[in-house]
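Shown next, in structure tokens, is the structure this report addresses.
It should be emphasised that the depicted structure is a prediction, and the values quoted were computed from it without experimental measurement. In what follows, every chain begins at residue 1, and chains take the letters A, B, ... in the order their sequences are listed.
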Number of protein chains: 2
Amino acid sequence: MDKEVTNLLREKGFKVTPQRLAIYKILAATKSHPSAEMIFNELQPSYPTMSLATVYKTVDILREIGMIQVLNAGEDSFRYDADTSDHPHVRCLECGRVDDLNNIEFSGFVNEVASKTSYRLTGQQFYFYGICPECQKSTAN
Amino acid sequence: MDKEVTNLLREKGFKVTPQRLAIYKILAATKSHPSAEMIFNELQPSYPTMSLATVYKTVDILREIGMIQVLNAGEDSFRYDADTSDHPHVRCLECGRVDDLNNIEFSGFVNEVASKTSYRLTGQQFYFYGICPECQKSTAN
DNA sequence: GTCTAATTAATAAGGATTTTCCAATTGTAT
DNA sequence: ATACAATTGGAAAATCCTTATTAATTAGAC
């Protein structure tokens, strides 16, 4: 799986650095859709000299070469997802976590939109909002 | 239609001011989902002394009383829509305009998500991205 | 018409993310 | 191994949307 980023980076003329691989690894290993700062914090132990600027520059490159997608679920910051497949997300309005919604069928919806709009569509983002199971418990008291 | 805002404002204990009515009128009369600054600019001719702060405070109140909904289509700023019905939006990646997608059936999609997630859902936002007809023409050269 | 609290206008301040800068370092082609 | 261009790191700075502040004005109740 590292192979793929390595090759893609080289192909596109980017250098393969430990920082870039580390950032991609984080994203590939999590389902939490971290923001730049979350990635930065998670790298602190193993890369104490990692710079936030490097995180930002790297996710931009990763997006450019198609290895990650960028989310904006109505927060102030962006989130990054190594799962580049089209899938809806749900954000907890209480704690802010963002989860995947898997195995949802929405091609009918997308096709209907495509057939009814005169836009040339290139993508879409589906965000659901609500309260996650954990916060339902703690709010229940 | 002004009647409705007027009454609602009074009911909720807000004063009815020309500024508030003017801002709502703009939103009710357009399908362009303007941001606070766009509203501000559009009001310049008729309300040269209108303050951006007033626009922000007013849209917040209008949202609170349920007369408008707030959109965030992955831009830096928020957009406001007097059409409070649930409907998808599409944003042009070229010129930035945001359009409605009307008469789209998505209740099946929503129901499927609701039945498969353990979140307690309270809402959703569907954003499509692409190139609008106008920009398709100008990019075609 | 008076009164009072809410609202406005204008500007300053805030807030937080993201970008820029540049010297030092590092990947990679030769 | 060498050389060069790309990249990193650290901090500062830009961005820019949004909120706070405050004196003056105004809506609405009586």
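A donor-acceptor pair under 3.5 Å is formed between the side chain of B/Asn111 and the backbone N or O of B/Ser107.
Atom-to-atom, NZ of A/Lys57 to C1' of D/dA11 comes out at 12 Å; the value is rounded to the nearest Å. Counting to the nearest Å, the C1' atom of C/dT20 and the CG atom of A/Asp60 are 14 Å from each other. The CD atom of A/Glu75 sits 13 Å away from the C1' atom of C/dA16 (whole-angstrom rounding). If you measure from atom CD1 of B/Ile61 to atom P of D/dT19, you get 12 Å, rounded to the nearest angstrom. In this structure, B/Leu9 places its CG atom 9 Å from P of C/dT7, rounding to the nearest Å.
When B/Asp100, B/Asp99, B/Leu101, B/Ile104 are each tested for a side chain to side chain contact (heavy atoms under 4.5 Å, CB included) with A/Thr117, only one passes: B/Leu101. With B/Phe128 as the partner, the ring pair (Phe, Tyr, Trp, His ring centres under 6.0 Å) test is satisfied by one option alone out of A/Phe126, A/Phe106, A/Tyr119: A/Phe126.
Listed in residue order, the members of residues 29-54 of chain A having a heavy atom less than 4.0 Å from DNA chain C are A/Glu37, A/Leu52, A/Ala53.
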Check nucleotides 23-28 of chain C against the protein and report each pair of N or O atoms closer than 3.5 Å, with its distance, or say if there are none.
residue	atom	partner	partner atom	Å
C/dG27	N2	A/Lys15	NZ	3.3
C/dG27	N3	A/Lys15	NZ	3.2
C/dT28	OP1	A/Arg10	NE	3.3
C/dT28	OP1	A/Val16	N	3.0
C/dT28	OP2	A/Arg10	NH2	3.4

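Each end of the helix from C/dG1-D/dC30 to C/dT30-D/dA1 yields a helix axis from five base pairs, and these two axes differ in direction by 50° (to the nearest 10 degrees).
The listed nucleotides are D/dT18, C/dT17, D/dT21; the one nearest the side chain of B/Phe78 is D/dT18.
OP1 or OP2 of D/dT19 has not a single side-chain nitrogen or oxygen of B/Tyr56 nearer than 4.0 Å.
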